[in-house]
Amino acid sequence: MLNERFPILSGKGVTKIFGLGRQKTVAVDHVDFNFYAGEIISIVGESGSGKTTLAKMLLGLISHTEGDIFYHEKKRDISSQKKKQEYWKGIQAIFQDPFSSYNIFNKIDSVLLDCIYMRGGRGLPHAKKVELMTEACSFVNLKFEELTNKYPFELSGGQMQRLMIARIFLLKPKILLADEPTSMIDASSRATILDYLLKLRSETGMTTIFITHDIGLAYYVSDTVYIMERGKFVEHGSADEVILTPRNEYTKRLISDVPKIYEEWDLSTV
Amino acid sequence: MKHTIQQVFRSGKFVFGFAIFAAVLLIVIFYPLIITDGPLSIIGQGTFFPPGIYVNVYDSMSSTVYTLNLDDAAAKRIASKLNEDDRLALKEWLMAAGVSEAEIDTTDTQKLLDLWVNNYDSKKSIPGMTNAKRNYYVRLNTALKGLMATEGVTVSQFNLQTQTLEEVDAVEQSDFVNITEVANMRVLPLGTDNFGRDVLTELVAATAVSLKIGFVAGIIATLIGLTLGLLGGYVGGIVDDIIMFITNLFIVIPSFVLLILISFSIGQEQRGAVTIAVVIGFTSWVWTARAVRSQVISLRNRDHVNLSKLSGHSLVHIILSDILPYIASYVIMALILQISSGILAEASLSILGLGPRTTEVPTLGLMMNWAMIYQAQILGKWWAYLPVLVTIALITFSMNLMNTGLDQVFNPALRD
Ligand SMILES: Nc1ncnc2c1ncn2[C@@H]1O[C@H](COP(=O)(O)OP(=O)(O)OP(=O)(O)O)[C@@H](O)[C@H]1O
Ligand SMILES: [Mg+2]
């Protein structure tokens, strides 16, 4: 990990407004943030609070209406396709819904091959590619031999999210944005997914932005917590600070919704 | 992919539509191999010969003669000559002459004639009968006498040297020829049209040309609509604005009006079948473009597209592999509809006299046009227009069936 604490991704007055006039929705409302390199940052908020919208702006998938985003302490420039591709080498994501995250017409191999190509491995010999893919799959306890020539929709939700983690394993980005990666899959697979995510992050030291509506989980995994309410960051600070001594009413309410917060956390109930 | 095709062929509607379409296609392909006449060659001297088997009379006389003594031959012969009006006229005269109505049966030819022969007297004056009417009865009587004759006829030939008629053959009433021994006969299942062309041969050729027009027009329209819809929907922004502006222009001006104007300005000489197809294609892409655009807009923010972007794929790659496959079934359905509406558009244009040049190839629309100009529908020559209508209906019906079948396969909400 880095000795010096510096904000790898930060924003000032970042705003997203959907629609015009009466249809106007302010999804993200003038948020300021500093995400420090190597940390796990949780963004916690209820459904519809603008978490996914913020994530997409951070990823550069949608434009922001107002404000500035800084990457490596410089104003982020993704004005051309080339610059975007360069940016995406540094920041990657796992989406909320694994079932809609894959192109149903592409085989699993092509999902993983894309990652190898993105890291400049297009010219590698076939055997080397297979080796890389096998390694990535076995990291999340999947067998590449069984997945090759299959389609993502033939997997379970949990397996699909594990494949997503395998993808990140191959890409090794500086920042990973995980948008409620466990909210759409069955409870029994959630702990496994989290385990692999935390394992990957501790091996690579990548900055992880973890989006969740579960404040207990946020407390368990993160260094820094941002609380989001209706498009605004209402409170932020270290996990202990925010959760053990909440100042904001909304934060207090979120915490009171999780009765077992002060008891010892057990991953199997996540 | 293979799975989808299997599913498609499990849909009853699709299979039924496909069977009709395949049958039409097979006929169009194989008929010209059997009947090799040109579709526009004029064989009949005269207009609108009714459907039937045409046997050459000259060849019949030189064929082997077989004598068949059939009891009802004479009655049938007379019956075929004596039409409904004549029968009623006979009845009218007989009743005026005092025969009781109960005795007269106009459907029994033999009895009616017997009554007539026994009662008719040309001198007998019937009160209130005009001279013209009296003369009609005299003529009718003579004709009937000829019909009732039992002897045959003599066939003679003019001898140029002796300048006299020489008997060459005699045809008895009981003479028959075996139709398979007659050198020349022609089946005209749908008769001939106003120009004396074989309607069936013409119809098959017309169907082929119309299908071609439909395919060319449909593919052009779908390609334009697809490209514009994909670009406008995915790229958005100014590109979308420009495309929507053009699309809305085309919507405001109804495409058929545009089609008429363009066809008219091209001029009769330049209007080949392909030209017409291209014109139809260029004026009918609007709805495909709009439909594709709205589908693409709903797709472009999906996570699989986002993931593809994050994987560093280019715009073209994303459109071709993350958008297009998702709307492919939709595009195929749009194509099918475009083909059938292309066929209808050609027909409508041709009925207005703005179809392809008339001297080269027939099209379904042109056949309708000719039938209308020569008033086939007023003259009751159904074979000149009804088969054309049925063919158009069959093609559009089968394509629409295939379309609904596909819809059921691709849209799970419609499955029963
Ligand atoms: N493309 C869009 N067009 C218009 N409004 C949008 C769009 N995307 C999101 N919104 C609106 O922005 C707000 C925030 O949505 P967002 O998806 O960011 O919430 P979220 O915090 O991720 O919720 P969840 O926990 O349910 O995923 C919502 O009110 C939503 O209706
Ligand atoms: Mg969300």
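Computed from a predicted structure; not experimentally measured. Each chain gets a letter, A, B and so on, in the order the sequences are listed, and its residues count up from 1.
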Point to revise | Flag side-chain contact, heavy atom, 4.5 Å: A:Gln85 against B:Leu310 | key: no

Assert top hit (heavy-atom pairs under 4.5 Å, partner chain B, pool A:Ile104, A:Asn106, A:Leu59, A:Asp97) equals A:Ile104

Would one find more than 12 heavy atoms of other residues, nucleotides or ligands at under 6.0 Å from atom NZ of A:Lys174? no

A:Lys56 and B:Asn301 have their tightest heavy-atom pair at NZ-O, 4.2 Å

Flag if over 12 foreign heavy atoms under 6.0 Å of CZ, A:Phe105: yes

Practice problem: Check whether any side-chain N or O of A:Asn103 sits under 3.5 Å from a backbone N or O of B:Ser321 as a donor-acceptor pair, and report yes or no. | Solution: yes

* Counting heavy atoms not belonging to B:Lys212, are there more than 12 under 6.0 Å from its NZ? -> no

Are there more than 12 heavy atoms of other residues, nucleotides or ligands under 6.0 Å from atom CZ of A:Arg76? yes

Taken to the nearest 0.5 Å, the spacing of A:Leu61 CG from B:Lys309 NZ works out to 5.5 Å

query: Can you tell me if OH on B:Tyr31 sees more than 12 non-hydrogen neighbours from other groups inside 6.0 Å?
result: yes

B:Arg302 vs A:Ser101, side chain to side chain donor-acceptor pair (under 3.5 Å): CA-CA, chis, key distance, verdict: CA-CA 8 Å; B:Arg302 291 257 201 102; A:Ser101 295; over 6 Å; no

So CH2 of A:Trp88 and NE2 of B:His313: to nearest 0.5 Å the spacing works out to 11.5 Å

When rounded to the nearest 0.5 Å, the distance separating CZ of A:Phe95 from CG of B:Leu307 is 6.0 Å

All heavy atoms of A:Arg167 vs all of B:Ser311, minimum pair found to be NH2-OG, 3.0 Å

Max heavy-atom pairs within cutoff under 4.5 Å with chain B, candidates A:Pro173, A:Cys115, A:Ser100, A:Pro152, goes to A:Ser100

* Should we count CZ of B:Phe9 as having more than 12 external heavy atoms under 6.0 Å? -> yes

* CG/A:Leu20: more than 12 non-hydrogen atoms of other groups inside 6.0 Å -> no

Residue pairs passing the side chain to side chain donor-acceptor pair (under 3.5 Å) test with at least one member in residues 224-242 of chain B, sequence neighbours excluded, are B:Asp240-B:Arg293

Those residues of residues 322-333 of chain B that come under 4.5 Å of chain A on a heavy-atom basis, listed by number, are B:Asp322, B:Pro325, B:Tyr326

Check this for me: B:Phe282, atom CZ, are more than 12 non-hydrogen atoms of other residues, nucleotides or ligands nearer than 6.0 Å? no

Side-chain contact test, heavy atoms from C-beta onward, threshold under 4.5 Å: evaluate it for B:Leu315 versus A:Gln81 and give yes or no. no

